[in-house]
2 protein chains.
Amino acid sequence: MTDHPSRTLAAFAATLEFGAIPAPVVERAVNLYVDWLGSALGGSGARPVETIARFARAARGAQSPQDACDVVIDRSRSTPYFAAMTNAAASHYVEQDDVHNGSVFHPATVVFPVTLALAQALGASGREFIAASVAGYEVGIRVGEFMGRSHYKVFHTTGTVGAIAAAAAAGRLLKLTPGQMLDAFGSAGTQASGLWEFLRDAADSKQLHTAMAAANGLMAAQLAADGFRGAQRILEGAQGMAAGMSSDADPAKLVDRLGERWATVETSFKYHAACRHTHPAADALLAAMAGHRLAPDDIAAVTAHVHQGAIDVLGSVTVPSTVHQAKFNMGTVLGLCAYRGYAGVNEFEHGYREAEIAAFRERVTMALDDEVDRAYPARWIGKVSVTTRDGRTLHARVDEPKGDPGNTLSREELTTKFVRLAAFSQAASEAEARALLDDAWRIVDAERVGALFEASAVANAGA
Amino acid sequence: MTDHPSRTLAAFAATLEFGAIPAPVVERAVNLYVDWLGSALGGSGARPVETIARFARAARGAQSPQDACDVVIDRSRSTPYFAAMTNAAASHYVEQDDVHNGSVFHPATVVFPVTLALAQALGASGREFIAASVAGYEVGIRVGEFMGRSHYKVFHTTGTVGAIAAAAAAGRLLKLTPGQMLDAFGSAGTQASGLWEFLRDAADSKQLHTAMAAANGLMAAQLAADGFRGAQRILEGAQGMAAGMSSDADPAKLVDRLGERWATVETSFKYHAACRHTHPAADALLAAMAGHRLAPDDIAAVTAHVHQGAIDVLGSVTVPSTVHQAKFNMGTVLGLCAYRGYAGVNEFEHGYREAEIAAFRERVTMALDDEVDRAYPARWIGKVSVTTRDGRTLHARVDEPKGDPGNTLSREELTTKFVRLAAFSQAASEAEARALLDDAWRIVDAERVGALFEASAVANAGA
């Protein structure tokens with residue numbers, strides 16, 4: 001059997017050992033896990049998330065005392081398949097989960113639902129959990145880069161590529177051989193799906209995409225462990241993912257410095273609770289206002305200088321009719337930053353319809369910027385031009401939006417974000433959130449990844 | 001709200017009444033159901049099918065006394081989701097399920113698993129079951145035609161479009177409003193997936209495609225019934241299915257003569273147990289041999305004059321290493337026809353590796369034929385040129401391969417096929433098969449679609 005990119009990548013995922021992962025990568029992976037768990041809690045109570053949770057319960061039809069996998073939003077238990085499905089739906093909802101710039105892919109929301117559920121079901125160690133999660137990140141990010149910008153114009157990469165990332169993560173925990181891992185990639189890739197069309201209708205598909213990417217990837221790995229065979233070149237083959245859904249795929253990206261370059265640490269945390277395409281301009285506007293001591297009412301107009309991808313994703317919404325659409329509306333995000341200093345979950349919930357935000361929104365336009373577009377997706381540069389009411393035109397830029405690897409969030413900032421998300425959705429009290437955090441920061445030391453709530457909330461309830 | 005093709009098609013599916021379906025269409029739908037049930041029985045025991053069945057049982061984690069839905073291959077019961085998933089995996093395995101020529105779409109294997117499971121769960125009548133099934137056929141066929149030939153070059157239409165067909169069928173049984181049906185289309189279409197890449201490796205993805213098209217379509221309809229919103233133009237929108245996966249989509253085909261043209265009756269039964277792309281040439285070879293009284297050993301070479309789609313799908317296999325690959329190998333199919341007079345499940349199982357078949361296979365080539373290619377996919381013309389050992393070159397053609405609407409199978413032929421498939425897989429004895437058939441022919445009269453095996457096999461066992 002000759003080597004080819006899909007096979008090389010599958011072998012890497014199947015054989016990645018915890019000991020081969022540098023300590024800073026492990027530490028960042030733990031931070032990413034904590035950040036993910038906060039996002040999953042934050043999705044509790046959201047209508048689309050709860051609808052998927054109800055579907056999952058009905059599709060099962062019965063509970064079992066053997067159920068080992070936490071459903072984060074309601075502390076019920078389920079099988080790996082349905083726990084992964086529901087937690088993945090939950091963790092993308094508040095638009096606070098992580099993102100990898102170069103691949104425009106959100107790894108956490110499709111990787112951790114699978115590794116948490118499967119580690120709980122298998123009684124795997126914290127080290128195995130982290131190794132599998134890193135395998136998912138490294139694979140998913142490279143596949144996202146491989147699929148290219150043309151893919152992202154129509155497809156939600158986190159849905160499509162997410163299935164492969166989930167399969168890699170699940171396959172690693174299931175100890176698949178390299179050959180089985182390749183089968184898992186085949187079964188995951190042939191299920192790759194997720195279209196952006198829902199954005200213009202404020203439909204609920206984003207939660208469905210992450211739910212099913214996680215569930216399908218897990219299914220693919222479980223099938224492979226049981227001998228189910230998949231295409232050997234699902235990524236680069238003549239009738240594979242790139243052939244069907246990309247016009248600029250580059251197979252070299254699939255195997256880019258495997259084991260040397262750790263894409264996991266290139267992943268950005270989200271500071272604002274909005275579509276990532278708004279963040280560079282949001283931070284640039286905040287820099288302009290701070291640097292020139294502008295009050296929001298001083299601003300007559302803002303031009304956000306953006307890359308084409310931002311226009312593709314954000315351009316379909318002009319007047320948002322839901323919180324979710326507001327998170328994909330540049331004007332609303334900049335308005336919240338201008339008036340509230342931050343575009344977080346609470347700011348969106350209460351602010352997006354307010355008159356001053358709506359009025360500010362109308363003063364914002366996006367313009368394609370050549371420098372920003374050329375740098376994208378490797379770098380997400382923020383540039384704005386602000387016209388003031390007294391006639392000045394001011395410019396500001398940020399080269400690394402807050403949360404990017406060079407401007408990352410500290411554990412203290414991640415803690416604040418986590419507690420805020422748990423409080424926002426009422427999924428956990430502050431004390432419960434802090435108990436969950438205590439366990440989560442120490443997950444590498446866990447001999448077995450156990451129940452989330454027994455070990456933290458329940459113990460805490462007795463305290 | 002303005003009308004657009006997705007909305008018009010969704011409204012048709014949501015409002016299709018049994019009474020509006022002409023009697024010959026109902027009769028054909030019953031025949032298609034019987035034919036499907038035989039194919040589902042035929043998949044029992046097949047490794048990829050049983051692997052998916054094991055996955056489904058594990059993902060559920062527990063049985064329930066409330067389970068109402070038959071899993072045809074082993075007579076167990078499950079929820080609609082997992083019964084549909086498993087029966088859909090089973091019914092495409094032996095390559096005997098129906099096909100609609102113009103859309104190159106296999107409706108039965110994604111529609112009936114959903115309508116049978118859901119009708120059993122809901123206690124729906126036979127008339128409701130048929131109306132929902134016809135809704136699935138009419139929708140799926142039009143969406144397949146809409147997606148065009150470019151889609152089929154890379155994507156397995158039965159997987160991608162199958163999710164929409166399944167959603168239409170499920171949505172009709174769930175009595176979705178037109179608006180909810182459109183939501184269901186959105187959620188199904190954004191999950192549309194299935195790549196041909198697996199063919200060159202003889203991988204198991206085909207069963208996964210049908211399993212998940214049925215399951216995802218059912219899920220989409222159940223979510224829509226619970227308020228989950230989908231894209232309103234998932235088919236024709238700027239970031240919808242056609243935008244991402246077709247270059248020759250024609251929206252007019254989505255609404256072609258709805259309620260007047262019944263695409264259901266255009267569906268072909270499969271006579272040979274092989275990829276449909278081999279059937280026209282197979283029947284043409286049989287015609288040549290009959291017309292010129294040729295014995296197989298008289299034949300020095302055969303050229304099958306085919307459409308491009310046959311080359312795309314069949315061209316990747318030269319020497320088949322499995323029964324399934326043999327069904328996608330023109331030379332093997334023609335060899336079985338030449339030596340056995342028929343390429344059925346038993347002929348493949350025992351014959352594809354035999355020396356005379358392998359030698360015949362090497363004497364077969366495919367050539368793109370302009371007339372055949374222009375007629376395709378509306379008509380699947382069979383043309384062969386046969387060179388005899390005594391130096392003659394003979395030509396033969398068939399304009400409607402056996403099983404096509406103008407050359408359809410009788411109820412007697414369908415009965416023979418059904419009993420043969422049940423015996424092949426040992427899923428049912430001949431007496432059990434005949435009892436199942438008795439019920440299936442009368443399904444329109446059923447007040448409630450009940451259990452398959454209680455009503456037939458069990459009653460029969462007592463006789």
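Every chain is numbered from 1, with letters handed out A, B, ... down the list of sequences.
Within the 4.5 angstrom heavy-atom criterion, only side-chain atoms of B:His209, from C-beta onward, approach chain A. Interface remark: B:Met219 contributes backbone and side-chain atoms alike to the contact with chain A (heavy atom separation under 4.5 Å). For a residue to count as touching a neighbouring chain, one of its non-hydrogen atoms must lie under 4.5 Å from one of that chain's; by this rule B:Asp201 touches chain A with the side chain only. In this structure, chain A has a heavy atom under 4.5 Å from the backbone of B:Ala58, while its side chain stays farther away. Neither the backbone nor the side chain of B:Ala220 comes within contact range of chain A, judged by heavy atoms closer than 4.5 Å. For a residue to count as touching a neighbouring chain, one of its non-hydrogen atoms must lie under 4.5 Å from one of that chain's; by this rule B:Gln66 does not touch chain A. For B:Pro80, no part lies near chain A; criterion is any non-hydrogen pair under 4.5 Å.
Using a 4.0 Å cut-off between charged nitrogen and carboxylate oxygen, B:Arg54 and A:Asp226 count as a salt-bridge pair.
Rounded to the nearest 0.5 Å, atoms CZ (B:Phe198) and CD1 (A:Ile234) are 9.5 Å apart.
Considering only heavy-atom pairs separated by less than 4.5 Å from chain B, the leading option among A:Thr79, A:Asn216, A:Leu195, A:Leu199 is A:Leu195. Ranked by heavy-atom pairs under 4.5 Å with chain B, the first of A:Gly159, A:Ala202, A:Ala215, A:Ala192 is A:Ala192. Here B:Ile52 is the residue among B:Asp67, B:Asp312, B:Ile52 with the most heavy-atom pairs under 4.5 Å with chain A.
When atom types are taken as modelled, the side chain of A:Arg229 and the backbone of B:Asp204 share no donor-acceptor pair closer than 3.5 angstrom.
Heavy atoms only, all atoms of each residue included: B:Phe228 and A:Arg47 are closest at CA-NH1, 4.2 Å. The minimum heavy-atom distance between A:Val154 and B:Gly240, with the atom names listed, is CG1-O, 4.1 Å. Of all the heavy atoms in B:Arg200 and A:Ala238, the pair that sits closest is NH2-CB, 3.9 Å.
In this structure, the ring of A:Phe55 has its center less than 6.0 angstrom from the ring center of B:Tyr81.
A:Glu236 places none of its side-chain heavy atoms less than 4.5 Å from the side chain of B:Glu197.
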